[in-house]
Amino acid sequence: MLKLASWNVNSLKVRLEQVLTWLDSSEVDILGIQETKLVDEQFPVDAFVEKGYHVVYAGQKTYNGVAVISRFPISDVQTDIPDLDDPQRRILAVTIGDLRLINLYVPNGAEVGCDKYEYKLNWLAKVSAYIEQQSREHAKLAVMGDFNIAPEDRDVHDPAEWVDCILVSPLERQAWHTLLSTRLKDSFRLFPQEDNQFSWWDYRAAGFRRNRGLRIDHILLSDALVQNCLSSQIDREPRTWERPSDHTPVWVALKN
DNA sequence: ATGGTGGTCTTACCA
């Protein structure tokens, strides 16, 4: 069995011990991390290598930053894609065995209609084209990360309150469908799931305690991986820890 | 009640 996970850690500097603890307890084989907020020179390579992991990362100062931690060797690393000249480090595509993995930190977008929203939509369009191309080259493709999109109303604690808001707006959901039209499936919805399961809760207004969350962290799988997918779950536990990220990890188990 | 918290070479910006 192979276990893949995605976690927006909101600063790997602050969350390193939590990530190491969770790697032990979850028995995850491959973890995609978003919002490391570390330049490459500061990435805690040794902490992972000491535990037997392979590590790749693409970081920048203060914001963004993505990484992949793997029990198996990593090759064919790509951090930039065609037609997107972007200094922001949000993309990390890697090959691990016969698996192609794309780890994404999708822009937040701030507010519908603003410059950052336009950047988000443009970014998603370019990334979708790249994923389409990758899906042609790799039968076993997984796309994971913080998508900053809640695909459906059932992924939102209070859909009425969130109508047309950022993370939920029609154009963002349209971009989500464009992304999935590249023959990918939302692994979470391959299985019956309890209601009101979310992956992110605002730090403000006791969002987690009141379960006022959104499901915006996802693992998408190509058909060849869907066939082998045994489970897709959200692990709420790290969000209960002291000084948590505002996101909690999501994972899939794949049959060999 | 129209805010709130948390992270970052902090006093502004991002989420």
Side-chain angles (χ1 to χ4, degrees), chain A residues 6-22 31-44 47 57-67 84 86-92 103-124 127 144-151 155-169 171-173 175-176 198-218 234-250:
Chain A
S6 172
W7 192 2
N8 179 325
V9 299
N10 186 19
S11 168
L12 186 56
K13 187 177 177 184
V14 172
R15 235 66 69 185
L16 178 60
E17 289 308 314
Q18 293 190 19
V19 172
L20 294 171
T21 298
W22 191 72
L31 172 64
I33 296 174
Q34 305 88 36
E35 284 208 270
T36 60
K37 299 187 176 180
L38 290 173
V39 294
D40 290 348
E41 295 71 32
Q42 290 177 352
F43 196 92
Y57 40 87
Q60 66 180 87
K61 200 175 127 181
T62 310
Y63 303 118
N64 309 316
V66 282
L84 188 69
D86 188 0
Q88 300 191 30
R89 301 293 82 191
R90 297 177 175 278
I91 300 170
L92 195 51
N103 180 31
L104 300 177
Y105 175 43
V106 177
N108 174 279
E111 197 178 325
V112 174
C114 71
D115 288 352
K116 286 177 186 162
Y117 183 72
E118 295 304 321
Y119 165 68
K120 179 179 193 173
L121 294 177
N122 177 62
W123 191 96
L124 283 164
V127 167
M144 64 166 54
D146 175 1
F147 286 73
N148 269 316
I149 301 174
D155 300 314
V156 180
H157 67 88
D158 184 347
E161 183 183 319
W162 280 81
V163 168
D164 294 339
C165 289
I166 198 68
L167 314 184
V168 166
S169 74
L171 286 177
E172 288 166 274
R173 285 179 168 174
W176 166 263
F198 309 119
S199 68
W200 168 83
W201 300 260
D202 200 313
Y203 285 124
R204 293 166 288 189
F208 183 66
R209 184 177 57 74
R210 301 157 71 192
N211 199 27
R212 291 169 55 82
L214 269 62
R215 192 176 70 91
I216 58 177
D217 299 86
H218 310 292
I234 299 172
D235 183 356
R236 284 174 56 97
E237 201 204 311
R239 192 63 173 78
T240 69
W241 294 346
E242 199 172 328
R243 206 179 179 191
S245 169
D246 45 353
H247 296 252
T248 212
V250 301

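Side-chain atoms are counted along with the backbone in the values below, which use heavy atoms only and exclude waters and symmetry mates. On a predicted model such as this, the values are computed, not experimentally measured, just so you know. Throughout, a chain's letter reflects where its sequence line sits, starting with A, and its residues are numbered from 1.
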Subject >> 5′-ward residue of the pair A:A110/A:A205 relative to DNA chain B >> reply: A:A205
Original post:
Just how far, in rounded Å, is C1' of B:dA15 from CD of A:Q34?
Top reply: 14 Å
**OP:** Could you check A:W200 against A:D146 for side chain to side chain donor-acceptor pair (under 3.5 Å), going step by step and ending with a plain yes or no?
**Re:** CA-CA 9 Å; A:W200 168 83; A:D146 175 1; over 6 Å; no
Subject >> Side-chain N,O (A:R243) to OP1/OP2 (B:dT5) below 4.0 Å >> reply: no
Original post:
How far, in whole Å, is B:dT5 from B:dT10 if one measures between their C1' atoms?
Top reply: 15 Å
Subject >> Same-atom distance (C1') from B:dG6 to B:dT11, integer angstrom >> reply: 16 Å
Original post:
Are A:V106 and A:W176 side-chain neighbours, meaning at least one heavy-atom pair lies under 4.5 Å?
Top reply: no
Subject >> Separation of B:dG6 P from A:Q18 CD (nearest whole Å) >> reply: 13 Å
Original post:
Does B:dG3 have a Watson-Crick or wobble partner in any strand here, with both distances under 3.5 angstrom, and which is it?
Top reply: none
Original post:
Side-chain N or O of A:R15 less than 4.0 angstrom from OP1 or OP2 on B:dG7?
Top reply: yes
Original post:
Would you say B:dC14 has OP1 or OP2 under 4.0 Å from some side-chain N or O of A:T62?
Top reply: no
**OP:** Could you check how far CG of A:N8 sits from P of B:dG6, rounded to whole Å?
**Re:** 16 Å
Original post:
Among side-chain atoms of A:N64 and A:R89, is any donor-acceptor pair under 3.5 angstrom?
Top reply: no
Original post:
In terms of the nearest nucleotide of DNA chain B, which residue is placed more toward the 5' end: A:N10 or A:K116?
Top reply: A:N10
Original post:
What is the distance, rounded to the nearest whole Å, between atom NZ of A:K37 and atom C1' of B:dA15?
Top reply: 7 Å
Subject >> Interatomic distance, A:K61 NZ vs B:dT10 P [rounded to whole Å] >> reply: 8 Å
Original post:
So, is A:K13 near the phosphate of B:dG7, with a side-chain N or O under 4.0 Å from OP1 or OP2?
Top reply: no
**OP:** Give one of base, sugar-phosphate or nothing for A:F208, where a contact means two heavy atoms less than 4.0 Å apart.
**Re:** nothing
Original post:
Starting at OH of A:Y63 and ending at P of B:dT8, how long is that distance when rounded to a whole Å?
Top reply: 11 Å
Original post:
Given the C1' atoms of B:dG4 and B:dC9, what is the spacing between them in whole Å?
Top reply: 26 Å
**OP:** Could you tell me whether A:R90 contacts a base, only the sugar-phosphate backbone, or nothing, with contacts defined as non-hydrogen atoms closer than 4.0 Å?
**Re:** sugar-phosphate
Original post:
NA contact type, A:R212, heavy-atom cut-off 4.0 Å: base, sugar-phosphate, or nothing?
Top reply: nothing
Original post:
Are A:V9 and A:Q18 close enough that some pair of their side-chain heavy atoms sits under 4.5 Å apart?
Top reply: no
Original post:
Separation of A:R204 atom CZ from B:dG7 atom P, in whole Å?
Top reply: 13 Å
Original post:
Quick one: does A:K120's side chain get under 4.5 Å of A:E172's, heavy atoms only?
Top reply: yes
Original post:
A:I33 has an atom CD1; how far is it from atom C1' of B:dG7, in whole Å?
Top reply: 16 Å
Subject >> Expected output: side-chain A:N103 to main-chain A:A67 donor-acceptor under 3.5 Å >> reply: yes
